[in-house]
Each structure stands twice: as structure tokens, then as C-alpha cells.
Amino acid sequence: QVQLVESGGGLVQAGGSLRLSCAASGRTFGSYVMGWFRLAPGKEREFVAAISQIGDNTYYADSLKGRFTISRDNAKNTVYLQMNSLKPGDTAVYYCAASGRHYVTGWSSDYIYWGQGTQVTIYS
């Protein structure tokens, strides 16, 4: 069992940056692929980024490449999402999730543990 707790969301002006964190419980954090997803009002859940167990492989939604960066610190049981050049369209609840797959994946069905989400609101 892995429990995930996101933090770092907030209200930011367009063009600004935010860094989200996701802290995981348990001693097996390093065995999971970690991902970030987001859910905006009136839209379906969207894949944002994923990172392999040791952080040597990352995968991004095409539309977010270059602005968002995923990273992890297994010693701290934490995964991060650095978001730059934020736009109003990035407004959503952001969720981190853990997958037992042995490859980075953008399919939400591959993720078995989810956090409660953190709200990100971007205003122009």
C-alpha cells in the first residue's frame, strides 16, 4: 500500500511557475513508476508526465513538453512537477499516481495508487 500526498498548488499569474510535490509513504516508493495527471472542470483526466523508478526515463504529454519537468528523489520518497510559463489552460486539480508497470506510461488505468490532488489556478 502506498499513500500519496500532493502539495504546492496555488493561485499564480499567467507566465509564472509552480513546483508541485508528491510525498509517498512506505519503503517501496523506488519500485514504482510515478506519474502526474490533471483534471480540469468539464474535461477528462489528462496525462501530464511520468518518470521511471530510478528517474532515468521520463515521458510527457506532447502539449506540455518544454514547460513541465518531472523529477523524483527516492531518498525522500518524493516526486516533483516543475511547471513553468503557466497558462490559464493549465488550471486544474493535479494528481500524482503510482504504477506497478516496469515502463513509463501515460495510461491512467496503469496507475494503482492516487493522491487526493492539489488545485492549481492560473489567472491572466
Side-chain angles (χ1 to χ4, degrees):
Q1 184 79 12
V2 175
Q3 292 184 324
L4 304 172
V5 179
E6 301 94 336
S7 61
L11 181 65
V12 175
Q13 190 172 21
S17 298
L18 275 176
R19 188 194 196 199
L20 305 183
S21 299
C22 173
S25 65
R27 293 176 290 180
T28 60
F29 174 74
S31 67
Y32 292 96
V33 166
M34 297 300 297
W36 286 95
F37 292 79
R38 65 186 186 183
L39 182 62
K43 296 186 178 181
E44 295 185 353
R45 183 166 51 192
E46 177 186 18
F47 168 71
V48 174
I51 189 167
S52 59
Q53 290 88 335
I54 62 172
D56 60 337
N57 190 19
T58 56
Y59 175 45
Y60 295 92
D62 286 342
S63 62
L64 300 175
K65 282 181 182 177
R67 294 196 298 123
F68 288 16
T69 302
I70 189 171
S71 61
R72 68 190 296 164
D73 184 340
N74 286 350
K76 295 182 178 179
N77 278 15
T78 301
V79 62
Y80 305 97
L81 184 69
Q82 178 67 44
M83 305 186 294
N84 298 327
S85 301
L86 286 162
K87 306 174 182 179
D90 295 318
T91 295
V93 177
Y94 284 72
Y95 299 88
C96 73
S99 171
R101 298 293 189 190
H102 295 289
Y103 49 85
V104 288
T105 170
W107 294 105
S108 60
S109 57
D110 286 338
Y111 290 82
I112 53 177
Y113 300 112
W114 293 80
Q116 84 290 346
T118 186
Q119 177 70 49
V120 171
T121 304
I122 312 302
Y123 65 95
S124 58

(request) Determine the minimum heavy-atom distance between Tyr60 and Ala49, stating which atoms define it. (result) CD2-CB, 3.6 Å

(request) Mind listing the closest non-hydrogen atom pair of Ser63 and Glu46 along with its distance? (result) OG-OE2, 4.0 Å

(request) Specify the closest pair of heavy atoms between Leu4 and Ala97, including all atoms of both residues, with the distance to one decimal. (result) CD1-CA, 3.7 Å

(request) To the nearest 0.5 Å, tell me how far Gln53 CD sits from Thr28 OG1. (result) 11.0 Å

(message) Show the nearest heavy-atom pair for residues Ser108 and Arg45, with the distance to one decimal.
(response) OG-NH2, 3.7 Å

(request) Report the distance from atom CZ of Phe68 to atom CH2 of Trp36, rounding to the nearest 0.5 Å. (result) 11.0 Å

(request) Determine whether more than 12 heavy atoms belonging to other residues, nucleotides or ligands lie under 6.0 Å from atom CD of Gln3. (result) no

(request) Have a look at Met34 and tell me which of Val2, Ile51, Val104 forms a side chain to side chain contact (heavy atoms under 4.5 Å, CB included) with it. (result) Ile51

(message) Just so I know, are the side chains of Ile70 and Val79 near enough to count as touching, which here means a heavy-atom distance under 4.5 Å?
(response) yes

(message) Quick one: does any side-chain atom of Arg72 pair with a main-chain N or O of Ser52 as donor and acceptor, under 3.5 Å?
(response) yes

(request) Of all the heavy-atom pairs spanning Ala92 and Arg38, show the shortest one and how long it is. (result) CB-CB, 3.8 Å

(request) State yes or no: do Val12 and Leu81 share one hydrophobic cluster built from I, L, V, M, F, W and Y residues joined by side-chain heavy-atom distances below 4.5 Å, directly or via other members? (result) yes

(message) Nearest 0.5 angstrom please: Phe47 CZ to Leu64 CG, how far?
(response) 9.0 Å

(request) Measure the OG1-CD distance between Thr91 and Gln119 for me, rounded to the nearest 0.5 Å. (result) 7.5 Å

(message) Quick one: does any side-chain atom of Glu6 pair with a main-chain N or O of Gln116 as donor and acceptor, under 3.5 Å?
(response) yes

(request) Answer yes or no: is there a side-chain heavy-atom contact under 4.5 Å between Tyr94 and Met83? (result) yes

(message) Could you check whether any side-chain heavy atom of Leu39 comes within less than 4.5 Å of a side-chain heavy atom of Phe37, counting everything from C-beta outward?
(response) no

(message) I'd like to check the salt bridge (Lys or Arg N to Asp or Glu O under 4.0 Å) partners of Arg67; sequence neighbours left out, ordered by chain and number.
(response) Asp90

(message) I'd like to check Phe29 versus Lys76 (side-chain heavy atoms, cut-off strictly below 4.5 Å). Are they in contact?
(response) no

(message) Donor-acceptor pair, distance only, cut-off 3.5 Å: does the side chain of Ser99 make one with the backbone of Val33?
(response) no

(request) Nearest 0.5 Å please: distance from the CG atom of Asn77 over to the SG atom of Cys22. (result) 10.0 Å

(message) With a 6.0 Å cut-off on the ring centroids, do Tyr103 and Tyr59 count as close?
(response) no

Side-chain donor-acceptor distances from residues 13-21 under 3.5 Å, at least two apart:
unit_1, atom_1, unit_2, atom_2, d
Ser17, OG, Asn84, OD1, 2.9

(message) To the closest 0.5 Å, what do you measure between CZ (Arg101) and CD1 (Ile112)?
(response) 9.5 Å

(message) Restricting to non-hydrogen atoms, name the atom on Gly35 and the atom on Tyr111 that form the minimum distance, rounded to 0.1 Å.
(response) N-CE2, 3.6 Å

